[in-house]
2 protein chains.
Amino acid sequence: MLQVWALEGIPEVSPGDDLVTLIVAAAGTSLADGDIVVVTSKVVSKAEGRIVPADDREDAITSETVRVVASRETSPGHRTRIVENRLGIVAAAAGVDASNTPHGTVLLLPVDPDASARAIADGIRLARGVRVGVIITDTLGRAWREGQTDQAIGAAGVHVFEDLRGGTDAEGRPLSVTMPCVADEIASAADLVKGKASRLPVAVVRGRADLVGDLDLPGARAIVRPAERDMFHTGAEEAYSDGFAAGAASVS
Amino acid sequence: MLQVWALEGIPEVSPGDDLVTLIVAAAGTSLADGDIVVVTSKVVSKAEGRIVPADDREDAITSETVRVVASRETSPGHRTRIVENRLGIVAAAAGVDASNTPHGTVLLLPVDPDASARAIADGIRLARGVRVGVIITDTLGRAWREGQTDQAIGAAGVHVFEDLRGGTDAEGRPLSVTMPCVADEIASAADLVKGKASRLPVAVVRGRADLVGDLDLPGARAIVRPAERDMFHTGAEEAYSDGFAAGAASVS
């Protein structure tokens, strides 16, 4: 049985707030060994002071961007940019967030979400003496599918993949290519209780203690597929244009 | 509180088996109004007799394929084909499944997973007098991220999106582009209790009764983004090649 619930009583988070203190106070004595604490990146960004004026939004997106993957005019005068950001994550607007932010401001993603997760996990473990894992989430769009799901952008003390590649299925055949991204599945499960418009930024997932481990396990960075290994490293229109120019140049 | 558990006691499924009978027997009296029953597509395919000899795997992939999206030699002599299948779903090998299948066979996806979900939901509602939703899942890879997650390929009696687009965030600003794909999030949550190698093909998700509705709600087909609206409708290498040829032809 998996149980997932949101922590009540996390106040509005401001720069400099200590998330461990807020989470431990809200959780009381409810946390147990093997629990996975799932934290919305928004409150991590707020606590870390990753806030910039909304007027600087476009500049902020540009400075968070390593590479534009695709862009398209999605409404008159508005161009959606899908980019690879400095964390390697492919996201609309580089993950710069303008909803649920203090008026007139936008939020950048945490500088290093895996390090943020490690600090939170370490703090909770010390404060409560319980061995928890921590996942930091963002709401991300997908290729080929409408809508968004919450996915893991930071992790500590929890296996991000359930590696079945060495295992066999019930018929004894090797499960050669199966490597479930349990961190993303946990992020999605937690979103079902956190909600978007409400202020419930932290959830607890109980029932997969087998996934909880040492704080030096690989973080969510391991989920990012390097562009050179990705068949969709560039948008179709952009790749076509690059090819067109190269093809024309090859003849002339 | 969200609770997710796998149903014990579903036997090996064979062609012609009635999944409603098997699910109702395994669930006993445990199902309640508002529960969402999450069924692995593999057992739906088996029950519907969507089994072909393994020797015909490549032909099966070809016949399930509407359009090759991208392909790459992923190991010597083996080419992974990412295709759009006849359901509109972009998947490796068109969703043709060779793991956990009877020896010497492979499984095709259900002919119409939304119709399969509707039949199962209708059957459970009639048999038990409880208003449940049903989601049928497949294990799918993603662009940009390693590993797979379970996602919804069929749905009935459950909202596949939580539409917040008309709503406002906690600061009162419109949540203009946010449309969480709760069906995919529920599929992922259920995978955390079903496991891949074990024979637990059915899970129950309790705690989001607000998402359960009439059987004529849009199914999982609504999650599929039409290729013409998708910035990643073609693999980067394939689009580059198409562009190169067009560019060369434009000059000569």
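No hydrogens, no waters, no symmetry mates; every other heavy atom, side chains included, goes into these values. The model shown is predicted, which means the values in this text are computed figures rather than measured ones. Lettering follows sequence order; numbering is per chain, from 1.
- B:Arg206 does not touch chain A: none of its heavy atoms, backbone or side chain, sits under 4.5 Å away.
- Note on B:Val224, B:Thr149, B:Leu192, B:Leu211: by heavy-atom pairs under 4.5 Å with chain A, the leading option is B:Leu192.
- Note on B:Ala248, B:Gly147, B:Ala189: by heavy-atom pairs under 4.5 Å with chain A, the leading option is B:Ala248.
- Contact tally against chain A (heavy-atom pairs below 4.5 Å) for B:Glu238, B:Met1, B:Arg145: the top residue is B:Arg145.
- Interface check for chain A: of the options B:Ala70, B:Gly141, B:Ala246, the most heavy-atom pairs under 4.5 Å are formed by B:Ala246.
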Residues 83-92 of chain A side chain polar contacts: donor-acceptor under 3.5 Å, at least two apart:
from: A:Glu84; atom 1: OE1; to: A:Arg67; atom 2: NE; distance (Å): 3.0
from: A:Glu84; atom 1: OE1; to: A:Arg67; atom 2: NH2; distance (Å): 3.2
from: A:Asn85; atom 1: OD1; to: A:Leu87; atom 2: N; distance (Å): 2.9
from: A:Asn85; atom 1: OD1; to: A:Gly88; atom 2: N; distance (Å): 3.3
from: A:Asn85; atom 1: OD1; to: A:Ile89; atom 2: N; distance (Å): 3.1
from: A:Asn85; atom 1: ND2; to: A:Ala94; atom 2: O; distance (Å): 3.3
from: A:Arg86; atom 1: NE; to: A:Glu64; atom 2: OE1; distance (Å): 3.2
from: A:Arg86; atom 1: NE; to: A:Glu64; atom 2: OE2; distance (Å): 3.2
from: A:Arg86; atom 1: NH1; to: A:Val111; atom 2: O; distance (Å): 2.8
from: A:Arg86; atom 1: NH2; to: A:Glu64; atom 2: OE1; distance (Å): 3.3
from: A:Arg86; atom 1: NH2; to: A:Leu109; atom 2: O; distance (Å): 3.4
from: A:Arg86; atom 1: NH2; to: A:Pro110; atom 2: O; distance (Å): 3.0

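- Of the listed residues (A:Ile135, A:Asp191, A:Val4, A:Leu2), just one forms a side chain to side chain contact (heavy atoms under 4.5 Å, CB included) with A:Ile186, and that residue is A:Ile135.
- Side chains of A:Val193 and A:Leu200 form no contact here, defined as non-hydrogen atoms less than 4.5 Å apart.
- The choice from A:Arg72, A:Arg229, A:Glu237 that makes the most heavy-atom pairs within less than 4.5 Å of chain B is A:Arg72.
- For A:Glu185 and A:Arg208, the salt-bridge test fails: no basic side-chain N is under 4.0 Å from an acidic carboxylate O.
- Between chain B and the residues A:Ala203, A:Ala6, A:Ala152, the largest count of heavy-atom pairs under 4.5 Å involves A:Ala152.
- In terms of heavy-atom pairs under 4.5 angstrom with chain B, the leader among A:Asp242, A:Asp184, A:Thr80, A:Val69 is A:Asp184.
- In this structure, no portion of B:Ala245 lies under 4.5 Å from any heavy atom of chain A.
- A:Pro201 has its side chain out of reach of A:Glu12: every pair of non-hydrogen atoms, C-beta onward, lies at least 4.5 Å apart.
- Using a 4.5 Å cut-off between heavy atoms, B:Ser71 contacts chain A through its backbone alone, with no side-chain atom that close.
- With respect to chain A, the highest number of heavy-atom pairs below 4.5 Å among B:Thr234, B:Ile223, B:Ile82 belongs to B:Ile223.
- For the options B:Val160, B:Val204, B:Val251, heavy-atom pairs under 4.5 Å to chain A are most numerous at B:Val251.
- Salt-bridge annotation for A:Arg79 and A:Glu58: absent, with no side-chain N of the basic residue lying under 4.0 Å from a carboxylate O of the acidic one.
- B:Ser188 and B:Asp150 share no donor-acceptor pair across their side chains, judged by distance under 3.5 Å alone.
- Side-chain atoms of A:Ser45 come within 3.5 Å of backbone atoms of A:Ser41 as a donor-acceptor pair (strictly under, hydrogens ignored).
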